[in-house]
There are 2 protein chains.
Amino acid sequence: MCQLLGMNCAQPTDVTFSFTGFAARGGGTDHHADGFGVAFFEDKACRLFIDNASAASSPIAELIKRYPIKSKNVISHIRKATQGSVLLENCHPFMRELWGRHWIFAHNGDLKDFSPTFAGAYQPVGSTDSEASFCLIMQRLREHYAHQPPLEELFAALAEITAEITQFGVFNYLLSNGQALFAHCSTNLYTLVRQWPFSTAHLIDADLTIDFTTVTTPDDRVAVIATAPLTDNENWTRLAPGELLMFEHGQRVLHAMVTIPAAVQAANAANRACT
Amino acid sequence: MCQLLGMNCAQPTDVTFSFTGFAARGGGTDHHADGFGVAFFEDKACRLFIDNASAASSPIAELIKRYPIKSKNVISHIRKATQGSVLLENCHPFMRELWGRHWIFAHNGDLKDFSPTFAGAYQPVGSTDSEASFCLIMQRLREHYAHQPPLEELFAALAEITAEITQFGVFNYLLSNGQALFAHCSTNLYTLVRQWPFSTAHLIDADLTIDFTTVTTPDDRVAVIATAPLTDNENWTRLAPGELLMFEHGQRVLHAMVTIPAAVQAANAANRACT
């Protein structure tokens with residue numbers, strides 16, 4: 001399995017603190033060493049860094065820890081290969097264009113016997129179930145709408161498509177188009193919101209404490225979403241299986257429950273027990 | 001205007017030497033300081049680094065000079081904005097997926113009154129004539145073929161599409177799908193092939209000499225394509241207006257002449273005089 005990290009912010013914010021703890025799990029404090037990636041949106045476009053080296057050792061990961069790239073929507077992923085070899089083409093996040101915007105997707109899970117047909121605008125480049133599920137999401141959204149609908153409508157369509165894919169197994173994911181960040185929990189996903197009055201945070205995976213009061217303004221608000229809590233002195237909320245959330249301006253703005261078939265839920269339960 | 005750098009190799013090769021000279025032109029020895037980008041293919045996938053900071057000052061450019069990423073197809077670009085603001089979404093190279101492979105494109109030129117209609121699978125994210133021309137190339141290739149044809153057939157289709165777009169003005173470009181590198185010269189493009197027996201090379205834009213005999217094997221062969229020569233002691237060949245080349249395994253393998261209308265050639269001539 002893999003781990004996910006997402007950040008949605010009211011103001012452009014850098015991810016260096018959270019990424020430092022997260023990257024340590026990519027071969028340092030944990031075994032997710034089969035590649036990593038991180039995408040930073042700037043309005044409609046995005047910077048995407050991927051590497052099939054481990055996040056704990058990659059010079060690209062080192063740059064991201066040191067270079068404070070500011071963004072309102074960030075998605076990162078560290079990989080422990082389940083389906084697909086340790087190749088660059090199988091590194092998350094994946095990027096595609098839809099309706100004149102870039103879209104970014106990362107997945108933690110395992111979809112069994114998932115072989116959708118791709119006859120439209122999207123085709124996977126690598127061999128992961130994850131990229132296939134992303135291409136299906138893009139294809140379905142394009143079938144639903146010729147132009148981007150309002151975010152509420154988009155969210156409802158996404159809930160439908162998620163229900164379709166979640167039948168195939170564990171499907172925790174993060175998705176963004178630079179305007180909002182969508183998070184679906186199949187087994188393991190935690191969130192917290194950092195906002196005024198800010199306090200300090202201490203990483204679990206590195207001996208690093210930050211005092212957010214010294215680096216923020218009252219206008220800052222940051223929602224963090226992760227496979228497992230990154231800090232040991234903040235209140236992380238665990239999402240329930242089937243929860244689909246939309247984050248905008250650093251907070252949860254939409255919520256839906258996606259029905260996961262009972263047999264799939266039972267099969268997923270073992271994965272929920274261990275991250 | 002902008003500058004282009006491409007590399008097509010028989011064996012995975014790093015671009016650190018050529019990129020060091022090229023990046024100096026991005027705000028150091030020359031004025032192309034409105035962003036930069038570089039894409040490194042690994043088989044079907046690719047690492048894409050873009051920044052709206054200048055190549056001479058960006059920490060991402062610094063990483064690329066120091067971290068020897070090996071690739072058989074590299075495309076890089078330094079930007080001097082003509083159309084479109086200095087935004088990340090307007091930084092070259094651009095990436096899209098076609099037939100289950102990533103495609104990378106960078107442009108040096110200026111297309112006048114170029115407003116194609118995008119009703120298919122591709123739509124520009126930014127506001128440059130360059131990204132619009134790339135989307136049109138992808139759209140036309142997809143209209144021609146449902147699956148990737150042999151490279152010879154692809155090259156012929158590309159010559160047709162290039163003739164269509166080159167009517168609108170200066171259209172020097174580099175394009176790759178990770179298998180081959182395509183280069184079209186409208187005004188300014190130079191090439192050379194480094195192969196056994198290798199010698200030394202000295203950069204024009206930095207006081208740096210490399211002795212290729214110490215870092216190569218007889219199997220290495222590298223074709224370099226650039227808007228202006230990067231070294232002062234190697235024999236660069238200037239391409240003629242309308243030349244379209246395909247490079248594979250570090251050498252020119254296909255050649256075609258694209259007809260540029262006389263009026264466009266006359267208008268382009270001033271650009272050819274000054275790089």
Side-chain angles (χ1 to χ4, degrees), chain A residues 35 37 39-53 58-64 66-71 84-85 87-91 94-103 118-128 131-132 134-135 138-139 142 146-148 177-178, chain B residues 35 37 39-53 58-64 66-71 84-85 87-91 94-103 118-128 131-132 134-135 138-139 142 146-148 177-178:
Chain A
F40 300 86
F41 272 98
E42 271 183 48
D43 191 15
K44 292 188 292 179
C46 107
R47 294 173 207 260
L48 173 61
F49 300 88
I50 50 172
D51 205 343
N52 45 357
S58 158
I60 297 174
E62 206 44 49
L63 171 81
I64 293 160
R66 286 184 295 106
Y67 183 33
I69 299 172
K70 287 180 187 283
S71 171
S85 318
L87 291 171
L88 192 66
E89 65 202 44
N90 291 333
C91 289
F94 302 102
M95 181 163 86
R96 290 293 188 283
E97 178 258 306
L98 171 62
W99 304 318
R101 299 191 77 98
H102 288 306
W103 289 70
F118 296 106
Y122 305 100
Q123 216 174 305
V125 172
S127 55
T128 62
E131 192 187 9
F134 178 39
C135 288
M138 293 289 96
Q139 184 170 300
R142 186 181 277 270
H147 305 284
Q148 189 178 310
N177 68 346
Chain B
F40 300 86
F41 272 97
E42 271 183 47
D43 192 15
K44 292 189 292 179
C46 106
R47 295 171 206 262
L48 173 61
F49 300 88
I50 48 171
D51 204 342
N52 45 356
S58 158
I60 298 174
E62 206 43 50
L63 171 82
I64 293 160
R66 284 184 296 107
Y67 183 34
I69 299 172
K70 286 182 187 281
S71 171
S85 318
L87 292 171
L88 192 66
E89 65 202 44
N90 291 333
C91 288
F94 302 101
M95 181 165 85
R96 289 293 188 282
E97 177 258 308
L98 171 63
W99 304 318
R101 298 191 78 100
H102 288 306
W103 289 70
F118 297 105
Y122 305 99
Q123 215 174 304
V125 172
S127 55
T128 61
E131 192 187 9
F134 178 38
C135 289
M138 294 289 96
Q139 183 171 299
R142 186 182 278 271
H147 306 283
Q148 188 178 311
N177 68 346

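So that the names make sense, note that chain A is the first sequence line, chain B the second, and so on, each numbered from 1. Both backbone and side-chain heavy atoms feed into the values below; hydrogens, waters and symmetry mates do not. For clarity, every value in this text was computed on a predicted model and none was experimentally measured.
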Inset, instruction - Sort A:Pro124 into side chain, backbone, both or neither according to what part of it lies under 4.5 angstrom from a heavy atom of chain B. - result: backbone

Inset, instruction - Check each atom of A:Arg101 against the heavy atoms of chain B and say whether the ones under 4.5 Å are side chain, backbone, both or neither. - result: backbone

Inset, instruction - Taking all non-hydrogen atoms of both residues into account, name the closest pair between A:Glu42 and B:Asn52 and its distance. - result: OE1-ND2, 3.6 Å

Legend entry - Region of A:Phe118 that comes under 4.5 Å of a non-hydrogen atom in chain B: neither

Inset, instruction - Using a cut-off of under 4.5 Å on heavy-atom pairs, state which of B:Arg66, B:Met95, B:Glu62, B:His102 scores highest against chain A. - result: B:His102

Inset, instruction - Against chain A, label B:Cys46 side chain, backbone, both or neither, depending on which of its atoms sit under 4.5 Å from a heavy atom there. - result: backbone

Legend entry - B:Ile60 portion near chain A, given a 4.5 angstrom heavy-atom threshold: both

Inset, instruction - Select one option (side chain, backbone, both, neither) describing which atoms of A:Asn90 are under 4.5 Å from chain B's heavy atoms. - result: neither

Inset, instruction - Check whether any side-chain heavy atom of A:Leu88 lies under 4.5 Å from a side-chain heavy atom of B:Arg47, and answer yes or no. - result: yes

Legend entry - 4.5 Å side-chain heavy-atom contact, B:Phe49 and A:Leu63: no

Inset, instruction - Name the region of B:Ile50, side chain, backbone, both or neither, that has any atom closer than 4.5 Å to a heavy atom of chain A. - result: both

Legend entry - Side chain A:Glu97, main chain B:Gln123, donor-acceptor under 3.5 Å: yes

